[in-house]
Amino acid sequence: MKTLIIQENGRHEENRNFRECFAMQRSLRKLGITTDIWGLGHSNYDSFAKDKFNEYDLILNLENYDAQGWLPVISEVTNPVKILWSIDAHCRGIEIYNQTHVDGKYDLTLQAIRDYVNDTSVWFPNCYDSSLITNLESTKDTDLGFCGSLLNRGGLLQFLQENYSLSPDIWVLGENMVKKINSYWIHFNINLANDINYRSFETIGCGTVLLTNRNPQYEALGFVDEKNCLMYGTIEELKTKLDTYLKDYEKLTIIGNEGLLLAKNHTYDKRAEKLLEIYKDLKT
């Protein structure tokens with residue numbers, strides 16, 4: 001079996017190896033699947049002949065933005081199973097992905113958000129790369145931290161800094177991100193919309209306690225409040241959780257270990273196995 005993953009190369013050098021296309025490629029290769037990557041910024045971008053698309057058994061389109069208009073419409077590509085992976089519909093809206101599905105005559109769309117699943121798509125949640133993101137078993141020296149972007153989070157982060165001494169590690173990427181999350185006892189998270197973001201899985205994959213806003217999708221994925229993570233629905237509940245658990249390192253250790261067990265269900269390796277099941281179903 002031969003697979004092609006389409007996605008632009010990463011623009012941040014320190015985070016490039018963590019990009020979805022490389023993570024999925026590593027996991028598919030573990031399963032013995034020949035997997036190539038093509039897209040803007042990759043070394044093969046200009047030399048890749050478009051007539052080679054039909055030489056593949058599966059094409060997985062991971063490109064969610066394409067601001068420069070480089071992504072080809074592959075409606076005339078007929079040999080491979082064609083799958084579109086919609087990751088950022090919570091940012092851009094689902095309509096553009098639905099249209100891409102139609103224009104490219106895709107066989108299926110993978111939706112990272114359950115709310116958007118329709119008759120041409122299936123739920124395919126985010127995950128984390130367990131070959132890069134691991135429990136370092138290092139000494140935790142920060143009670144409460146946040147590693148991510150300020151987008152729609154600035155006011156809440158400021159509140160947590162002023163009242164709970166949160167450590168803001170803004171735009172820390174790559175290996176340094178993994179080290180930072182490992183250094184926290186509790187990692188604060190808030191999703192941008194109706195998504196379950198990558199940090200949710202990366203945090204538990206580090207064995208750190210995830211503190212995140214409530215969303216029914218979490219429960220469907222095995223996240224259980226006060227067992228393998230902490231959840232809040234209001235500012236008052238957020239404060240109660242922090243007042244209860246901050247510095248209770250025994251309880252946090254138990255929750256972190258339970259989260260680490262859950263994380264094994266949400267790796268790219270697991271998603272790659274599911275992708276192959278989907279491919280086989282589409283071929284029959």
Side-chain angles (χ1 to χ4, degrees), residues 5 7 10 12 14-31 35 37 60 62 64 85-91 110-114 123-138 140 145-149 169 171-192 194-213 215 217-224 227-231 255-276:
I5 298 175
Q7 187 179 37
H12 301 284
E14 62 269 43
N15 209 48
R16 182 168 292 156
N17 203 30
F18 290 71
R19 194 150 174 77
E20 294 97 341
C21 58
F22 297 119
M24 183 57 81
Q25 182 187 50
R26 283 189 288 269
S27 291
L28 286 171
R29 285 180 170 176
K30 289 179 186 177
L31 298 172
T35 306
I37 297 173
L60 178 63
L62 280 170
N64 273 235
W85 191 351
S86 165
I87 297 170
D88 281 344
H90 61 288
C91 296
L110 308 178
Q111 297 287 4
I113 300 171
R114 188 175 60 177
W123 191 26
F124 202 80
N126 287 330
C127 53
Y128 79 103
D129 189 338
S130 56
S131 68
L132 300 177
I133 299 168
T134 60
N135 177 14
L136 300 178
E137 299 182 354
S138 55
K140 294 185 179 297
F146 171 79
C147 192
S149 73
D169 295 304
W171 276 109
V172 176
L173 303 173
E175 293 181 4
N176 289 327
M177 175 268 290
V178 179
K179 293 175 182 177
K180 280 295 183 181
I181 295 177
N182 267 276
S183 74
Y184 306 151
W185 280 98
I186 299 176
H187 188 192
F188 171 74
N189 180 61
I190 181 168
N191 295 285
L192 294 179
N194 58 342
D195 56 311
I196 302 296
N197 60 18
Y198 285 114
R199 281 295 187 269
S200 302
F201 305 101
E202 293 164 349
T203 299
I204 62 174
C206 289
T208 292
V209 174
L210 172 69
L211 172 62
T212 191
N213 60 306
N215 184 315
Q217 294 170 95
Y218 276 118
E219 295 178 13
L221 294 169
F223 289 81
V224 179
K227 178 184 178 183
N228 53 32
C229 67
L230 299 174
M231 295 186 189
I255 295 172
N257 287 338
E258 287 292 325
L260 195 57
L261 290 175
L262 174 64
K264 295 177 181 179
N265 298 326
H266 299 296
T267 65
Y268 269 93
D269 290 348
K270 290 293 186 182
R271 298 294 186 263
E273 291 174 0
K274 182 62 177 178
L275 178 63
L276 291 186

Chemist: What's the spacing between K179 NZ and D169 CG if we round to 0.5 Å?
Modeler: 13.0 Å
Chemist: Without swapping roles, check the side chain of R271 against the backbone of C127 for a donor-acceptor pair under 3.5 Å.
Modeler: no
Chemist: Can a donor-acceptor pair be found, under 3.5 Å and without considering hydrogens, that links the side chain of R114 to the backbone of W123?
Modeler: no
Chemist: Among all residues two or more places apart in sequence or in another chain, which pass the ring pair (Phe, Tyr, Trp, His ring centres under 6.0 Å) test with F22?
Modeler: H42
Chemist: Above 12 or not: heavy atoms from other molecules or residues under 6.0 Å from NZ of K140?
Modeler: yes
Chemist: Please say whether more than 12 non-hydrogen atoms of neighbouring residues, nucleotides or ligands are located less than 6.0 Å from CD in E14.
Modeler: yes
Chemist: Answer yes or no: is there a donor N or O on one side and an acceptor on the other, between the side chain of H266 and the main chain of L221, under 3.5 Å?
Modeler: yes
Chemist: Does T134 offer a backbone N or O that forms a donor-acceptor pair with the side chain of N182 under 3.5 Å?
Modeler: yes
Chemist: Do the side chain of N15 and the main chain of G174 share a donor and acceptor less than 3.5 angstrom apart?
Modeler: yes
Chemist: Determine the minimum heavy-atom distance between N64 and D88, stating which atoms define it.
Modeler: OD1-N, 2.9 Å
Chemist: Going by ring pair (Phe, Tyr, Trp, His ring centres under 6.0 Å), name the residues that satisfy it together with W171, two or more places apart in sequence or in a different chain.
Modeler: H12
Chemist: Pair S27, D269 - check side chain to side chain donor-acceptor pair (under 3.5 Å), show working.
Modeler: CA-CA 5 Å; S27 291; D269 290 348; 2.6 Å; yes
Chemist: May I ask you to decide if H90's main-chain N or O and D195's side chain share a donor-acceptor pair within less than 3.5 Å?
Modeler: no
Chemist: Tell me every residue that passes ring pair (Phe, Tyr, Trp, His ring centres under 6.0 Å) with F146, counting only those two or more places apart in sequence or in another chain.
Modeler: none
Chemist: Please test L230 against L210 for side chain to side chain contact (heavy atoms under 4.5 Å, CB included), starting from the C-alpha separation and ending with a verdict.
Modeler: CA-CA 6 Å; L230 299 174; L210 172 69; over 6 Å; no
Chemist: Assess whether atom NZ of K30 is packed by more than 12 heavy atoms of other residues, nucleotides or ligands within 6.0 Å.
Modeler: yes
Chemist: Looking at CD1 of I190 and CG of L211, how far apart are the two atoms once the value is rounded to the nearest 0.5 Å?
Modeler: 10.0 Å
Chemist: Could you walk me through whether I196 and N215 pass the side chain to side chain contact (heavy atoms under 4.5 Å, CB included) test, one step at a time?
Modeler: CA-CA 8 Å; I196 302 296; N215 184 315; 3.8 Å; yes
Chemist: How far does CG of L260 sit from CD1 of I255, to the nearest 0.5 angstrom?
Modeler: 13.5 Å
Chemist: For S86 and Q111, does a side-chain donor sit closer than 3.5 Å to a side-chain acceptor?
Modeler: yes
Chemist: Could you work out, with salt bridge (charged side-chain N to carboxylate O under 4.0 Å, His left out) as the rule, every residue matching R29, not counting sequence neighbours?
Modeler: none
Chemist: By side-chain hydrogen bond (donor to acceptor under 3.5 Å, both in side chains), which residues pair with Y268, not counting sequence neighbours?
Modeler: none
Chemist: If I compare all heavy atoms of D129 with all of A23, which pair ends up nearest, and what's the gap?
Modeler: OD2-CB, 3.5 Å
Chemist: Do side-chain atoms of N191 reach the backbone of N197 as a donor and acceptor pair under 3.5 angstrom?
Modeler: yes
Chemist: Not counting sequence neighbours, which residues clear ring pair (Phe, Tyr, Trp, His ring centres under 6.0 Å) with F18? List them please.
Modeler: none
Chemist: Should C206 and N135 be marked as a side chain to side chain contact (heavy atoms under 4.5 Å, CB included) after you check the CA-CA gap, both sets of side-chain angles, and the distance that decides it?
Modeler: CA-CA 4 Å; C206 289; N135 177 14; 5.6 Å; no
Chemist: Return yes if some donor-acceptor pair links the side-chain N/O of N176 with the main-chain N/O of V172 below 3.5 Å, else return no.
Modeler: no
Chemist: Check for me whether the distance between the ring centres of F223 and Y218 falls short of 6.0 Å.
Modeler: yes
Chemist: Run the numbers on N17 and R26 for side chain to side chain donor-acceptor pair (under 3.5 Å), then give the verdict.
Modeler: CA-CA 10 Å; N17 203 30; R26 283 189 288 269; 2.9 Å; yes
Chemist: Check for a donor-acceptor pair, side chain of H187 on one end and backbone N or O of T208 on the other, with a separation under 3.5 Å.
Modeler: no
Chemist: Go through C229 and V209 one step at a time and tell me if the side chain to side chain contact (heavy atoms under 4.5 Å, CB included) criterion holds.
Modeler: CA-CA 6 Å; C229 67; V209 174; 5.8 Å; no
Chemist: Is there a donor-acceptor pair under 3.5 Å between the side chain of E20 and the backbone N or O of Q7?
Modeler: no
Chemist: Check whether any side-chain heavy atom of K180 sits under 4.5 Å from a side-chain heavy atom of M177, and report yes or no.
Modeler: no
